[in-house]
Amino acid sequence: MMRNRLVISKPMSSEDRVSLLSTTDPEEVESVRLSAVEVLLKTCGPEVYYRGLIELSNICSRDCFYCGIRRSNLDLKRYCLNDKDIATAALWCAGQGYGSVVLQSGERCDDAFIGLIVRAIHRIKAETRCGALPDGLGITLCVGEQSRETYQRFFDAGAHRYLLRIETANPDLFARIHPKEQSFETRRDCLRILRDVGFQTGTGIMIGIPGQTIEDLAGDIDFFIDEDVDMIGMGPFIPHASTPLGSLPCPGKDRRMLLSLLMIAVTRLSIPDINIAATTALEALDTAGREQGLNFGANVLMPLLTPVKVRRDYLLYPGKPCLSESSAAFRARLEESVLKMGRKIGYNQWGDSPHVLKRRVADSG
Ligand code: 5AD
């Protein structure tokens, strides 16, 4: 039987996005998925890029209503890796040919923390330059809202990508899931400053937040387009019992999973040439969640490199996978599934998106 092909207007309108995201019929979902993969392969190719993820500290000055490492959560042992631990994880990453590393942490703006990040960037760059990676590992930071000066220091030290999720592009919903001291506008302005400083910028959202609508999700993709971001990391909201949002009703697991996969596919169809990550949160809902993300149009995976001894303390949400699995075991498992789906791993490359490359050409022309 011929599978029905999607007819999608170009450029896709916000209404088109709402209608695709509302799909529940399995055949229609499959057709959205196939279209997204076709667009991905045509625009970005079959490579899946790895970013080794180092969760360097769960100490956080923020109190976001959804997050397990919020400062009011006292059930947690707080940790901060030292320079050597970070360097060891990064060197392992380079040795595996992963090409890029992500330094993620709870948010802090004090000098000790900023100093730790700057030193880590210098050290990783100095120690990972080699024949296969002449410019060393690519470094992505995910350490929250900082001042322009701090962003500039990070950039000058050698980091070149920065992830800062907007969490939701609906300012009212943003206000409902964050304490008063945080604002949607500040978060958005940080993204603009990051771009201005020279970072490739990434953002993302959570899917299935209590009170979030399909229109909100379609609006999130409009936000990605308007802000001209280079990469996206998004995944399902997962209620955490020690947080205020943990007790509010949200869509069921299957619904959040489907919506998350559709968000990946519809984002791919809307902005074909960006990098989209299949995030760990997908795997908290389904053991093959990350593979599913790749099958719906994602092209980036973030293998966990955090030392096993502190992994369970970086618990943003319950059900986080790979808590005890070694990074090597994880590597073998993921590689097998990537190859099985007919894709390949972009070893020893930074894996910048065609979106970035096009902008570079436009800026220099
Ligand atoms: N469910 C899903 N994702 C979460 N994050 C934090 N808490 C949760 C949760 N309960 C995500 C946020 C944050 C990223 C580091 O982790 O989107 O930006």
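Note that these values count all heavy atoms, side chains included, but never hydrogens, waters or copies made by symmetry. Order of listing sets the numbers, starting from 1, for every ligand and every atom in it.
The nearest protein atom to atom 15 (C) of ligand 1, hydrogens excluded, is given as L316 CD1, 3.7 Å; this is a heavy-atom distance. Considering only non-hydrogen protein atoms, atom 18 (O) of ligand 1 sits nearest to E167 OE2, 2.6 Å. Of the protein's heavy atoms, R165 NH1, 3.6 Å lies nearest to atom 11 (C) of ligand 1.
Close contacts between ligand 1 and M206 involve ligand atoms 2 (C), 3 (N), 4 (C), 5 (N), 8 (C), 17 (O) [criterion: under 4.0 Å to a heavy atom]. Counting atoms of ligand 1 from 1 in the listed order, those under 4.0 Å from a heavy atom of Y317 are 1 (N), 2 (C), 3 (N), 4 (C), 8 (C), 9 (C), 10 (N). Close contacts of ligand 1 with C67, meaning ligand atoms under 4.0 Å from a residue heavy atom, involve 6 (C), 7 (N).
Annotation: Y66 places an N or O atom under 3.5 Å from an N or O atom of ligand 1; distance criterion only. Looking at ligand 1, you won't find any N or O of A281 less than 3.5 Å from one of its N or O atoms. Taking any N or O of Q104, backbone or side chain, none lies under 3.5 Å from an N or O belonging to ligand 1.
At a 4.0 Å heavy-atom cut-off, ligand 1 touches P236 through the backbone alone.
Residues R153 and E149 are not paired through a salt bridge, judged by the lack of any N-O separation under 4.0 Å between the basic side chain and the carboxylate. Remark: R343 does not engage E47 in a salt bridge, criterion side-chain N to carboxylate O under 4.0 Å.
In this pair, F154 and Y162 present their aromatic rings parallel. The plane angle is below 30°, not in the 30 to 60° band.
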Note to self: Assess the residue pair R195 and D230 against the criterion (salt bridge (Lys or Arg N to Asp or Glu O under 4.0 Å)); give the C-alpha distance rounded to whole Å, side-chain angles, the decisive distance to 0.1 Å, and a yes or no.
What the structure shows: CA-CA 10 Å; R195 159 60 52 76; D230 304 306; 3.1 Å; yes

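L20 and L259 fall within the same hydrophobic cluster, where Ile, Leu, Val, Met, Phe, Trp and Tyr residues are linked whenever their side-chain heavy atoms come under 4.5 Å apart, directly or through other members.
Other members of the hydrophobic cluster containing F65, listed by chain and number, are Y66, L173, I177, M206, I209, F237, L245, L248; membership follows side-chain contacts under 4.5 Å among ILVMFWY residues, whether direct or relayed.
Between F199 and Q152 there is no side-chain heavy-atom pair separated by less than 4.5 Å.
Counting heavy atoms only, I238 comes closest to atom 10 (N) of ligand 1 of the residues L315, L245, I238.
Few gaps surround CG on D363; more than 12 heavy atoms of other groups in view lie less than 6.0 Å from it.
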